[in-house]
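Positions are given from 1, in the same order as the sequence printed here.
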Amino acid sequence: MTIEQTVLQTFRELPPDKQQEVLDFMQFLKYKLSEQKPFSISENQEHSREGKEITDFWLALQEFRQRVDLESIDDNTFENLRDKSPGREVNL
């Protein structure tokens, strides 16, 4: 059995959430191997981080944008998210 066949067989045996993780990792590896840069830094901008950290952040941001529909978020999205109670009562 070839590596490709083994990978496909193993992939099919995984639950959907783990299949998504495998796909995300494969896309990360593919992107990492490509020579294109996620963004360009102008000559006036300085940064103290290494390229790897910036690339990892960029990939995380792209993944977030794919998973979350940003246009569906409005002012009322987080309306009743926070518990406004003061917490437990304390009798002194």
Side-chain angles (χ1 to χ4, degrees):
M1 187 179 291
T2 67
I3 292 175
E4 182 178 358
Q5 292 169 334
T6 305
V7 168
L8 284 173
Q9 179 181 348
T10 307
F11 181 80
R12 289 181 181 132
E13 295 171 359
L14 294 173
D17 61 323
K18 297 300 177 189
Q19 288 180 352
Q20 184 62 50
E21 286 184 38
V22 171
L23 179 60
D24 292 343
F25 183 68
M26 290 171 57
Q27 289 173 336
F28 167 75
L29 289 176
K30 182 179 175 185
Y31 181 82
K32 195 173 175 182
L33 291 174
S34 72
E35 294 184 3
Q36 63 179 332
K37 295 183 180 180
F39 61 94
S40 62
I41 299 175
S42 70
E43 294 175 6
N44 298 331
Q45 293 176 323
E46 292 185 19
H47 59 90
S48 61
R49 298 177 184 251
E50 295 176 350
K52 183 179 185 299
E53 292 178 76
I54 294 171
T55 302
D56 291 346
F57 172 78
W58 180 253
L59 290 173
L61 177 62
Q62 293 303 319
E63 182 180 333
F64 172 78
R65 287 180 173 172
Q66 288 176 355
R67 291 180 186 229
V68 177
D69 180 15
L70 297 176
E71 293 185 13
S72 68
I73 298 174
D74 58 9
D75 292 339
N76 299 325
T77 301
F78 304 105
E79 183 68 29
N80 294 314
L81 184 65
R82 182 174 174 254
D83 181 12
K84 296 179 182 175
S85 67
R88 65 183 174 101
E89 292 184 26
V90 177
N91 296 323
L92 300 175

Do other residues, nucleotides or ligands put more than 12 heavy atoms under 6.0 Å from Ile3 CD1?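 It does not: Ile3 CD1 has 12 such atoms or fewer within range.
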If you count heavy atoms of other groups shown closer than 6.0 angstrom to CD of Glu13, is the number above 12?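 Buried by this count: over 12 neighbours within 6.0 Å.
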Heavy-atom distance under 4.5 Å between the side chains of Arg67 and Gln20, does that happen here?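 Heavy-atom side-chain distance check passes, below 4.5 Å.
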Is any side-chain heavy atom of Val22 closer than 4.5 Å to a side-chain heavy atom of Thr10?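 No - every pair of side-chain heavy atoms lies 4.5 Å or more apart.
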Once you round to the nearest 0.5 Å, how far does [atom1] of [X] lie from [atom2] of [Y]?
X	Y	atom1	atom2	value
Phe57	Phe64	CZ	CZ	10.5 Å
Thr2	Leu8	OG1	CG	8.0 Å
Gln27	Gln66	CD	CD	6.5 Å
Met26	Phe11	CE	CZ	7.5 Å
Arg12	Gln19	CZ	CD	9.5 Å

Answer with yes or no whether the hydrophobic clustering places [X] together with [Y]; edges join I, L, V, M, F, W, Y residues whose side-chain heavy atoms lie under 4.5 Å apart.
X	Y	answer
Tyr31	Leu29	yes
Phe25	Leu61	yes
Phe28	Trp58	yes

Looking at every non-hydrogen atom in both residues, tell me the closest pair between Glu63 and Asp24 and how far apart they are.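 Closest approach of Glu63 to Asp24, heavy atoms only: OE2-OD2, 3.6 Å.
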